[in-house]
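Report on the structure given below.
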Amino acid sequence: MSFKEYKNLDYAALADEILDFWNANNIFEKSISTREGQPTFTFFEGPPSANGTPGIHHVMARAIKDIFCRYQTLKGKQVKRKGGWDTHGLPVELQVEKELGITKEDIGKSISVEEYNKKCRETVMKFTDQWNSLTEKMGYWVDLENPYVTYQANYIESVWNLLKRLYDQGLLYKGYTIQPYSPAAGTGLSSHELNQPGCYRDVKDTSLTAQFKAIKNAKSEFLFKASGDAPVYLLAWTTTPWTLPSNTALTAGKNITYVLVKTFNPYTYVPVYVVLAKDLVKNYFQAAAENSDFAAYEAAEKKPQAIPYEIVATCKGSDLEGVEYEQLMPYVQPSAPAFRVILGDFVTTEDGTGMVHTAPTFGADDFRVAAQNNIPALLITDENGKEVPLVNRQGRFVAQVTDYALEPVKEAYLTDEEKEAERVKQGRDKYLSVDERIAIQLKTENKAFNVQKFDHPYPHCWRTDKPVLYYPLDSWFIKTTAVKDKLIALNKTIQWKPESTGTGRFGNWLENLVDWNLSRSRYWGTPLPIWRTEDGSEEICIGSLEQLKTEIEKAQASGTLTDVQTKGNAAFLKALAAGEADLHRPFVDEVFLLSATGNVLTRELDLIDVWFDSGAMPFAQWHYPFENQDVFKQSYPADFISEGVDQTRGWFFTLHAISSMVEDSVAFKNVVSTGLVLDKNGNKMSKRLGNAIDPFETLKAYGADPTRWYMITNAQPWDNLKFDLAGITEVRNKFFGTLTNTYNFFALYANLDGFEQKGIKEEDLTELDRWILSKLMNLIAEVDEAFETYEPTKAGRAIQDFVCDHLSNWYVRLSRRRFWNPETANQVITADKQAAYETLYHCLETVAQLMSPIAPFYGEWLYKNLTGKESVHLTHFAKVNPSLQNPALETSMELAQGICSLVHSIRKVHRLKVRQPLAQVLVPVLQESVRDQIRRVEDLIKSEVNVKEVNYLNDASGVLNKKVKPNFKALGPKFGKDMKVVAEAITGMSSEDLALIESAGSAKIQGFEIALADIEILTEDMPGYLTASEGGLTIALDNTLTPELVREGNAREFVNRIQNLRKDSGFDVTDKIYIQVQRSDEEWTASLNEFKAYISQEVQALSLEWVDSASTELTFEESNLFVNVTVA
RNA sequence: GGGCUUGUAGCUCAGGUGGUUAGAGCGCUACACUGAUAAUGUAGAGGUCCGUGGUUCGAGUCCACGCAGGCCCA
């Protein structure tokens, strides 16, 4: 066959051609079908949301996924990969609202829920074309024909089934969570709504530092010991005094230092002992008053401003843990033991007292830390038997808070008229807010240590402009805390890349797990399949459409439903029967079921967290368990997944949690968490700042392969990548350019010679062939292991080093003559030449395969050019042939490379052109083995650096100057502290001492027993020669120029000029020529005559003759020549 | 504020278990070589290995505390 030769290869066009080929020949499908019956390798695709356009970071993320799937295919596994789309959630809703110019307010008013959701469904797949296009162009193989889509009924049914399984395990419950809530609007607010500009406004609130009276017991004894049994108060600061009746705990910081201060209450002048953070003492006391006269203060009629104080004890937050105190405002009693100090990581000493008043019903931190410490919230039971907080949904105290019953907790909730009426009722000149009156009350009760106005930003409802409350709202939870130990244990079996994400970020997250809040009060998402009676006493969880159908029919038959309810049910049944049921709102909301006792059940209006959707994909993508039970069993759990590290608490967690809970299994065995793609300056890419890279343009300009190669080899996948287009150019020129050149070199001569690949014959291989093949074996092993252990960067860099340094720059450069030998040109293939072709062919073919996971198009292109076979992606991963491994030869070659490098260096320094042959290079060797190693590669050295002989100098020659260096690694354990002295002794050792060590194996030097292994002996300086040394290797170059050598040098210079002339004149590589040389001086005459045969052969001259005059001038250093060169 | 992570040449990155002279590529300067030429070789300039303290005979590497960037969470 003939090998295609290329000029100016366009990598983007190459990719397009290969892509067409793949599509036309179903190569992706074949890569799966040809592995039928083989072990499977399961990959789960984390579904992207198609309502945004893809960015360059998606190329990165998907390249990682693609690499390991392609690699495992090469390893013979069957790798199915189903694409998927994440279609629910807030971003979709927001986009629809933006497009329609509406707000959430309008839903159900100017637009029906049905229409709204219809719009969401349309919008969410808006950019699928772009996504599909990117997927193809970047060479990402994933099944786009049959993706899973989270809004489809089958998918939702599977999700419901999972929820039902959790429900049956008792893991699904209704509780509450603290959320921003607007009493004026009667609705919860999302964090998105709270981040609207203008929501946070500066307000002046009453802030209060309250005194919580400690109870004396074993825990608090140390405090009372210091106070001499006088009452001790814990100080806590709040900007929301109205939450104090709901206090059930105080939160301290574990590592914060607290002090017990003896002082007076500034309002009642009662002597008190108070606890607060040491760093904050300065905010409450005047330093001048420290240890001042207590008696004088107590006696004073008019109390001075500065209150005396004295620090009487110091402790850590951890010492305070468990200290109990008396309830501050005892209107309502808790259901379980409360009122003690707990520890929380959110406590700071920025302001307040370093001790945080904790009311679990009105703060998210409070709620969380209380739950973790089994501290109850203060709740009462309302008329429906429901537990509610001490403030109702209108923002008013409940009746049980007698002193403030039914008063709004924020002044802003009252109109001016209401305020005036309230003022009259209070009998005051001015209306005082609840906060202010609580402050007054506590002051008089000796429970307030400090009261002042405080300016701070506070969030306001964007609709009503009134302040929001953090308020407990109903929510459905998955009791993940109940399975925490299981989640942790299973996580330990997962291989994380990098490991720290699994043990650190993910592990810590699991350790501090709270229950999964499943509820979302929205419209476009998977509805919670729970129907409840109004009082919440009876409920049913639906786990399949079949069950839903049965339950609806039961309800319909009962005759207890209203007409409207019956109608809704009938419509749903009809849709179910037709297989067209839409499981979204509002349709499911219009279904009414019946409890066991005959009460009507209404659906809980919540949707579920979209993360549950995506975490359910191992099951729902196959509509399991309703279909595909076999497929599911074969493809679960996943062998491999990969997403951004930002998914740790997102997809990684939800996959893990759901699988652990329903299957007692991990969802994935290996996971690669990838870093971010930043711009070249390390800044985040954003469309707004204009530093975002367009993936389509990049692929078009540079091609998918160089882009992927750059991304993978430049940084580890889990490190952030500073994306710089110049880096792609570098990769393209350096790696792809070199590889293409190498291929072109091969193709050029293989075609000229009509090379046919027959397989390597080991007996015909030269040392150089054996060497590159040995290197190739190492490469196969290294790349195999790197891919196996999810280290694509190592694999890519190893391939790159092999191609550039070893294959191109050493093997090909030194082998050129074997491929292009004028003596044997054109169809004459000697065994040696065949061996060279076979070797290079084998290297290139293997490289094509090894690189194909990272550069799928180029790998394919190279493979097809070489072999003419169908596809590299259908091949099986190369195996290491141990008989080709040759570590000894590799060592020899390293010596050869070192020696050549040193000779080049000397030639350079002394301006000795490589074309000028020299007589000999001298290598001092102290060990016979080294001499033998170099002997193997002597010929290579000679031709590479153009010397006639390599000679060796041993100890006996007497010209060597030996130098001794201490071997610290060996000396360290032996001499330890004496190291410095020993090192000096070794460096200053006499040649007699050295000789003694060399002969006897060891000697006593200045009292230290030094063995041969403790020192390194090297040689430097050989008087009379030009020397160079590096890393223990020293060589000398004999620069004596004999007339004979000069003439040969001249001949070589002449060849060089003729070759340039041939090239400049555009002669073909195979053209034969006639040369006429104008008669010249004696030296030229002698040189050309003597080396006529050599010259003729090199430049393919049929004749070389002297003439009286010629026209083309050749320039040389000494004297120029005139020649005529003509094609034969 | 917490968890995780990164910090080595102008830029992008390597630097098992501590070993004294810290490397590569790109870029820069100079000089060569070349029938692989969008290459290649040699030499040169370029480093407080983020800082401080500690452990050690010896720290880029181990420990502590900081500083700066990043991600997630609050």
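When reading the values below, keep in mind they use all heavy atoms of this one structure, side chains included, and skip hydrogens, waters and symmetry mates. So you know, we letter chains A, B, ... as the sequences are listed, proteins then strands, and number each from 1. Worth saying up front: this structure is predicted, and the values here are computed from it rather than measured.
Between the CG atom of A:L721 and the P atom of B:C11 there is a distance of 16 Å, rounded to whole Å. As a whole-Å value, the separation of A:R732 CZ from B:A38 C1' is 8 Å. Atoms CG (A:D805) and P (B:G23) sit 17 Å apart, rounded to a whole Å.
A:D801 comes within 4.0 angstrom of no nucleic acid atom, judged by non-hydrogen atoms across all strands. Within 4.0 Å of A:T501, counting heavy atoms only, lies no atom of the nucleic acid at all. Residue A:F1067 is classed as a base contact, given a heavy-atom separation below 4.0 Å to a base.
Counting non-hydrogen atoms of other residues, nucleotides and ligands closer than 6.0 Å to CD of A:E785 gives a total of 12 or fewer.
On a pure distance criterion of 3.5 Å, a polar donor-acceptor pair joins the side chain of A:R816 and the base of B:A36.
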Quick tally for nucleotides 69-74 of chain B: nucleotides whose base has a protein heavy atom under 4.0 Å get B, sugar-phosphate-only ones S, the rest -, giving -BBSSS
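With P as the reference atom, B:G2 and B:U48 are 31 Å apart, rounded to whole Å.
Each of B:G35, B:A36, B:G3 was ranked by its minimum atom distance to the side chain of A:N1060; first place goes to B:G35. Relative to the side chain of A:K722, the nucleotides B:U12, B:G25, B:C4 differ in distance, and B:U12 lies closest.
Nucleotide B:U52 has B:A64 as its partner under the Watson-Crick or G-U criteria, with both atom distances under 3.5 Å. Shown here, B:G1 forms a base pair with B:C73; the pair counts as Watson-Crick or G-U wobble because both key distances fall under 3.5 Å. When both distances must be under 3.5 Å, the Watson-Crick or G-U wobble mate of B:A9 does not exist. Checking B:G44 for Watson-Crick or G-U wobble geometry (two distances, each under 3.5 Å) identifies B:C28 as its partner.
By the ring pair (Phe, Tyr, Trp, His ring centres under 6.0 Å) test, A:H57 is found to be paired with no residue, residues two or more places apart in sequence or in another chain being considered. A:W718 is linked by a ring pair (Phe, Tyr, Trp, His ring centres under 6.0 Å) to nothing, counting only residues two or more places apart in sequence or in another chain.
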When the side chains of residues 735-747 of chain A are checked against the rest of the protein, which donor-acceptor pairs come out under 3.5 Å, sequence neighbours left out?
from	atom 1	to	atom 2	distance (Å)
A:T738	OG1	A:K734	O	2.3
A:T740	OG1	A:Y11	OH	3.3
A:T740	OG1	A:F736	O	2.7
A:T740	OG1	A:Y858	OH	2.8
A:T742	OG1	A:T738	O	2.7
A:Y743	OH	A:K4	N	3.4
A:Y743	OH	A:K4	O	2.8
A:N744	OD1	A:Y6	N	3.0
A:N744	ND2	A:Y6	O	2.8

Distances for protein N or O near nucleotides 40-47 of chain B N or O, under 3.5 Å:
from	atom 1	to	atom 2	distance (Å)
B:G41	OP1	A:N809	ND2	3.3

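Contacts of residues 705-719 of chain A with RNA chain B (heavy atom under 4.0 Å): A:N714, A:A715, A:Q716.
Of the residues near RNA chain B, A:V347 and A:V812, the one whose nearest nucleotide (by heavy atom distance) lies more toward the 5' end is A:V347. The nearest heavy atom of RNA chain B to A:N733 and to A:Y749 marks one nucleotide each, and the one closer to the 5' end goes with A:Y749.
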